[in-house]
Every structure is written in C-alpha cells, then in structure tokens.
Amino acid sequence: QVQLVESGGGLAQAGGSLRLSCAASGRTLSSYAMGWFRQAPGKEREFVAAISRSGGSTYYADSAKGRFTISRDNGKNMVYLQMNSLKSEDTAVYYCAADSNRRYSYTIVTDDYDYWGQGTQVTVSS
C-alpha cells in the first residue's frame, strides 16, 4: 500500500507556471504507474497526465499537451507535474494517483488507479 500527498498548488496568473509534487510513502513508488487528474467544481474528475513505472513512457490529455510535463524520481519517491502557460480553465483540484497493475505502461482510466492523494487546489486568475 502507498500513501500519496500532493503539494505545490496555489494561485497563479494566466500564462504563469506551477509545479505540483506528489510524495509517496509506504511501498516504493517504482511499484506503480502514476497519473495526475483534476476536478473542477461541478465537473467530473478528468485525466491530465500519466507516466509508466520507469518514467520511460508518458501520456497527456489534449488539454495538457505542450504545456504540462509529468516526471518522476523513484529514488526520492516523488512525482511531479510542471504546468506552464496556465489558463483559467486549468483551475481545479489536482490529484495524483497510483496504479499497481501496469508494469510497463500507464492508464488514463480513473477506475484503474488504486490509490489517491487528497488533492491540491490550483486556481488560475485571468
């Protein structure tokens, strides 16, 4: 079992940047493919980005491509989401999640993830 804690959220201006971090404790992070999701008020939780266990494969939602970068440091048990060129529509609670089932790939399906953090709020002002 792994526990996940997100940090790095806050208030940013449109066009600005934020870097979200996800710290894992318990089982080593290299045992999990990881994903970032977000949920805006009144909307369903949606996929943002995913990364394989080794970090060799990544995938992004269309809304994140070219602006966001997911990365991981298994030695530090950390996953990151660098968000650049922020837009007001990026405002949401951001969650990191861990998937124990895929060894060499990743998933974009919310229900495939076994463990979730508590989320961190990102607010982008226009």
Side-chain angles (χ1 to χ4, degrees):
Q1 190 167 346
V2 65
Q3 293 78 45
L4 304 172
V5 178
E6 303 94 336
S7 62
L11 179 64
Q13 291 190 334
S17 298
L18 283 173
R19 188 195 195 201
L20 305 184
S21 298
C22 175
S25 60
R27 195 173 176 189
T28 180
L29 193 65
S30 59
S31 298
Y32 302 92
M34 298 296 295
W36 283 97
F37 291 76
R38 67 186 183 186
Q39 188 167 18
K43 295 188 176 181
E44 292 188 354
R45 191 169 299 188
E46 65 176 7
F47 168 78
V48 176
I51 189 167
S52 61
R53 291 189 183 188
S54 68
S57 297
T58 58
Y59 188 80
Y60 298 91
D62 287 344
S63 59
K65 284 179 183 176
R67 300 189 301 126
F68 294 3
T69 303
I70 187 172
S71 62
R72 65 191 297 160
D73 185 336
N74 287 338
K76 295 183 178 180
N77 269 4
M78 296 290 294
V79 178
Y80 306 99
L81 186 68
Q82 177 67 44
M83 305 188 296
N84 300 328
S85 303
L86 285 164
K87 305 175 181 179
S88 57
E89 50 262 46
D90 294 322
T91 295
V93 177
Y94 284 71
Y95 300 88
C96 69
D99 162 35
S100 63
N101 296 307
R102 270 145 281 275
R103 294 196 63 180
Y104 304 109
S105 62
Y106 48 76
T107 178
I108 68 172
V109 178
T110 307
D111 288 347
D112 285 344
Y113 286 85
D114 308 294
Y115 304 100
W116 294 82
Q118 84 290 346
T120 185
Q121 175 71 47
V122 171
T123 303
V124 183
S125 63
S126 56

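Residues R38 and S63 approach most closely at NH2-OG, 3.5 Å, considering heavy atoms. Of all heavy-atom pairs between S126 and A14, the closest is CA-CB, 4.1 Å. Closest approach of W36 and L20 over heavy atoms only: CH2-CB, 3.7 Å.
Shown are L18, V93, L11; of these, the side-chain contact (heavy atoms from CB on, under 4.5 Å) with V122 is made only by L18.
Looking at K87 and D90, no side-chain N of the basic residue comes within less than 4.0 Å of a carboxylate O on the acidic one, giving no salt bridge.
Transitive grouping of hydrophobic side chains (ILVMFWY, heavy atoms separated by less than 4.5 Å) brings M34 and V2 into a common cluster.
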Quiz item: After noting the C-alpha distance and the side-chain angles of S100 and D114, does the key distance pass the side-chain hydrogen bond (donor to acceptor under 3.5 Å, both in side chains) rule?
Solution: CA-CA 7 Å; S100 63; D114 308 294; 2.7 Å; yes
Practice problem: Output, in order, the C-alpha distance, side-chain angles, deciding distance and verdict of side-chain hydrogen bond (donor to acceptor under 3.5 Å, both in side chains) for N74 and S30. | Solution: CA-CA 6 Å; N74 287 338; S30 59; 5.0 Å; no
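Shown here is Q13, whose CD atom has no more than 12 heavy atoms of other residues, nucleotides or ligands within 6.0 Å.
Donor-acceptor pairing under 3.5 Å is lacking for the side chains of D99 and T107.
Figure legend: cation-pi geometry between R45 and Y95, with NZ or CZ positioned under 6.0 Å from the six-membered ring centre and within 45° of its axis. Figure legend: R19 and Y80 shown as a cation-pi pair, the cationic atom lying under 6.0 angstrom from the six-membered ring centre and within 45 degrees of its axis. Cation-pi check for R27 over Y32 is met; the charged atom lies under 6.0 angstrom from the ring centroid and within 45 degrees of its normal.
F47 and F37 have perpendicular rings, their planes meeting at more than 60° on a 0 to 90° scale where under 30° would count as parallel.
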